2 protein chains.
Amino acid sequence: MKLNDPTSHETAMPADLRMTPQRRQVLDVLQESCDHPTAIEVFMRAKERIPGISLATVYNCLETLTEHALIRQVNIERASSRFCANLQEHVHFHCEGCGLVIDAPPMEVIEAKKLWRLPEGVTVTGLDVAIRGRCPECTKKTHA
Amino acid sequence: MKLNDPTSHETAMPADLRMTPQRRQVLDVLQESCDHPTAIEVFMRAKERIPGISLATVYNCLETLTEHALIRQVNIERASSRFCANLQEHVHFHCEGCGLVIDAPPMEVIEAKKLWRLPEGVTVTGLDVAIRGRCPECTKKTHA
DNA sequence: GTGAATGCAAAACCTTTGCAACTGG
DNA sequence: CCAGTTGCAAAGGTTTTGCATTCAC
């Protein structure tokens, strides 16, 4: 049996993670999808394999799998959109410790096409960047 | 009277935007806030000034002000979080035409601290990037 | 056997919508 | 005056929660 083969749909579960059919299928669904499904979409696809699976379980699985780094949650916040009146070009630094949000201006013009490999022919109209980390205060606390 | 002074709380409304007390206060709240409030938070702060203001109006104002580029909406999607099992380092390209999401790997290691001006002492643990634009197909349609 | 995970239903949220009343230009 | 905006209430959709049942180890 293949273990830890990224192309396999039989990724080994970490030892500290109980392997249930629901978790297995949720992970499989995501490994077979390339369209970044929402929780609801994962639910519908998983339901084709485990008709009795519940939405709450899918949410549980997604959370657990994310915690164990088997999948990634694409949006930084599950929460609601935030707004700001700072119209200068800038990105956002989110402190994982205290939730602080700091505006960070670019050092130089950021050209997405030079930094990331994009398909030929795409048009880039904007860039939304969220930097995750710990603010100076929370960094100190971590070291303490 | 100061017009178009970004530090003023009396930013001139564009000629094509009807200036109502509600819009004025929602904009003022955002210009006085540096913590990127959510719609609900804007609502609560605006309520202190216009007790009768309704949440629906705040949503309306946020949408209108965003359309007129007087404020920015921080998260790309109002919609729900998406998930992916691609654990390779990559960012996401969202097509504004058809909604397609494409994974884009970095050309080289991205160092947030070199690209954006961050406060001294912060720890960076991750970078979430969403590139907005039009995929090759939708780019063609736009030119047609 | 037992602690953890599931399924279900209900609740909690956030956001949108429909519509009558109101108002800024 | 009147198109556009507001406030309210209700609906829509997503996510979370509580709890009895089931299950993986």
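Note that this is a predicted model, so its numbers are computed, not measured.
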* With sequence neighbours excluded, tell me which residues meet salt bridge (charged side-chain N to carboxylate O under 4.0 Å, His left out) with Lys113(A). => none
* Structure fact -> Computed from five pairs at either end and rounded to 10 degrees, the angle between the axes of the helix from dG1(C)-dC25(D) to dG25(C)-dC1(D) is 50°
* Asked: Who pairs with Ala104(A) by side chain to side chain contact (heavy atoms under 4.5 Å, CB included), at least two apart in sequence or on another chain?
  -> Val91(A), Trp116(B), Leu118(B)
* Nearest-Å distance, NZ (Lys47(A)) to C1' (dG7(C))? -> 11 Å
* **Atom-to-atom span, CZ of Arg24(B) to C1' of dG24(C) - whole angstrom** => 14 Å
* Structure fact -> The contact string for nucleotides 20-25 of chain D, one letter per nucleotide 5' to 3', using protein heavy atoms under 4.0 Å with B, S and - for base, sugar-phosphate only and none, comes out as ---BSS
* Send over the distance from Glu63(A) CD to dT6(C) C1', rounded to a whole Å. => 15 Å
* Name all residues meeting the side chain to side chain donor-acceptor pair (under 3.5 Å) criterion together with Thr57(A); count only those two or more places apart in sequence or in a different chain, and write none if there are none. => Ser54(A)
* Ignoring hydrogens and geometry, is there a side-chain-to-backbone donor-acceptor pair from Thr139(A) to Arg134(A) under 3.5 Å? -> yes
* Run the side-chain contact (heavy atoms from CB on, under 4.5 Å) check on Leu17(B) and Thr64(B) step by step: do they pass? -> CA-CA 9 Å; Leu17(B) 179 59; Thr64(B) 312; 3.4 Å; yes
* Residues in side chain to side chain contact (heavy atoms under 4.5 Å, CB included) contact with Met107(A), at least two apart in sequence or another chain -> Arg117(B)
* Structure fact -> Asp16(A) atom CG is separated from dA5(C) atom P, nearest whole Å, by 10 Å
* Asked: What residue pairs, at least two apart or across chains, pass salt bridge (charged side-chain N to carboxylate O under 4.0 Å, His left out) with a residue in residues 44-62 of chain B?
  -> Glu32(B)-Arg49(B), Asp35(B)-Arg45(B)
* With Ile131(B), which of Thr125(A), Leu115(A), Val124(A) fulfils side chain to side chain contact (heavy atoms under 4.5 Å, CB included)? -> Val124(A)
* Between dC14(C) (C1') and Glu41(B) (CD): distance, integer Å -> 13 Å
* Verify the contact: side-chain N or O of Tyr59(A) to OP1 or OP2 of dT15(D), cut-off strictly under 4.0 Å; return yes or no. => yes
* Go through the structure and list residues passing salt bridge (charged side-chain N to carboxylate O under 4.0 Å, His left out) with Glu108(A), not counting sequence neighbours. => none
* Structure fact -> Expected list for residues 48-57 of chain B near DNA chain D, using heavy atoms below 4.0 Å, is Gly52(B), Ile53(B), Ser54(B), Ala56(B), Thr57(B)
* To do: Round to a whole Å and report the spacing from CZ of Arg23(B) to P of dG7(D).
  => 11 Å
* Separation of dT5(D) P from Asn60(B) CG (nearest whole Å) -> 8 Å
* Asked: Considering residues at least two apart in sequence or located in another chain, which fulfil the salt bridge (charged side-chain N to carboxylate O under 4.0 Å, His left out) criterion with Glu120(B)?
  -> none
* To do: Return the value, rounded to whole Å, for the distance between atom CG of Leu62(B) and atom C1' of dT5(D).
  => 15 Å
* Asked: Excluding sequence neighbours, so at least two apart, what forms side chain to side chain contact (heavy atoms under 4.5 Å, CB included) with Pro119(B)?
  -> Ile102(A), Val122(B)
